[in-house]
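Sequence positions, counted from 1, serve as the residue numbers for this chain. Please read all numbers here as calculations on a predicted model, not as lab measurements.
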Amino acid sequence: QVQLVESGGGLVQAGGSLRLSCAASGIIFNINPMGWYRQAPGKQRESVAAISTRGRTNYADPVKGRFTISRDNAKNTVYLQMNSLKPEDTAVYYCNAADQHWGQGTQVTVSS
């Protein structure tokens, strides 16, 4: 059974940083593309960043230059480093594997 467990969310002031982690089990991690999504209250879930099996990355326009996605295949973990956070980044952040599997989400709240 595939499990994705996110951690690292919390409350931070605008301009601050957080690092999210997603530990995967039950899948062959290094052959699966991974991604981070977020969902703000009253809004649809949206893609934030993605990383291919070879490390190629893609970012949503609102986070380009501020967020960095990375993966450690030896640890079966994908990360999202979030810098220069803004109140509009407030959302539940979800880890995704292979466009199929989802974690339970971790709350990120950015105060102004």
Is M34 reachable from V108 through a run of I, L, V, M, F, W or Y residues, each pair having side-chain heavy atoms under 4.5 Å apart?
yes
### Query
Does any N or O in the side chain of E6 come within less than 3.5 Å of the main-chain N or O of C95, such that one atom is a donor and the other an acceptor?
yes
Query raised in the report: Going by the angle between their ring planes, with limits at 30° and 60°, are Y93 and F67 parallel, tilted or perpendicular?
Result: tilted
Are the side chain of Y79 and the backbone N or O of T68 linked by a donor-acceptor pair below 3.5 Å? no
- Message: Hydrophobic clusters here meaning ILVMFWY residues chained together by side-chain heavy-atom distances under 4.5 Å, can you tell me if I51 and W36 are in one?
- Response: yes
To the nearest 0.5 Å, atom CD1 of I28 lies from atom CG of N73 at 12.0 Å
dist K86:NZ -> S112:OG (nearest 0.5 Å) comes out at 14.0 Å
Heavy atoms of A97 and I27 approach each other most closely as CB-CD1, 4.0 Å
In terms of heavy-atom contacts, Y59 and A49 come closest through CD2-CB, 3.6 Å
Give a yes or no answer on whether the side chain of T90 reaches the backbone of V110 with a donor-acceptor pair at less than 3.5 Å. yes
- Message: Set out, in order, the CA-CA distance, both residues' side-chain angles and the distance that settles side chain to side chain donor-acceptor pair (under 3.5 Å) for R56 and N58, then state yes or no.
- Response: CA-CA 7 Å; R56 185 174 300 174; N58 282 295; over 6 Å; no
Query raised in the report: Does any N or O in the side chain of N96 come within less than 3.5 Å of the main-chain N or O of H101, such that one atom is a donor and the other an acceptor?
Result: yes
message: When you compare the side chain of D89 with that of R38, does any pair of heavy atoms fall below 4.5 Å?
response: yes
Between A14 and P87 the two heavy atoms that sit nearest each other are CB-CD, 4.1 Å
So OG1 of T77 and CZ of F29: to nearest 0.5 Å the spacing works out to 6.5 Å
Answer yes or no: is there a side-chain heavy-atom contact under 4.5 Å between S70 and V78? no
### Query
Mind checking whether V92 and L20 sit in one hydrophobic cluster, side chains of I, L, V, M, F, W, Y counted as touching below 4.5 Å?
no
Rounded to the nearest 0.5 Å, the OG1 atom of T53 sits from the CD1 atom of I31 at a distance of 8.5 Å
d(R71 CZ, C22 SG) to nearest 0.5 Å is 10.5 Å
### Query
In terms of hydrophobic clusters joined by side-chain contacts under 4.5 Å, are L4 and L80 together?
yes
Interatomic distance, CZ@R66 vs CD@Q81, rounded to 0.5 Å, equals 12.0 Å
- Message: Run the side-chain contact (heavy atoms from CB on, under 4.5 Å) test on M82 and V12 for me, step by step, so that the C-alpha distance in whole Å, both residues' side-chain angles and the decisive distance to 0.1 Å come before the verdict.
- Response: CA-CA 11 Å; M82 305 185 295; V12 64; over 6 Å; no
Handout entry: same_hphob_cluster(V63, I69) at 4.5 Å side-chain heavy-atom cutoff
Key = yes
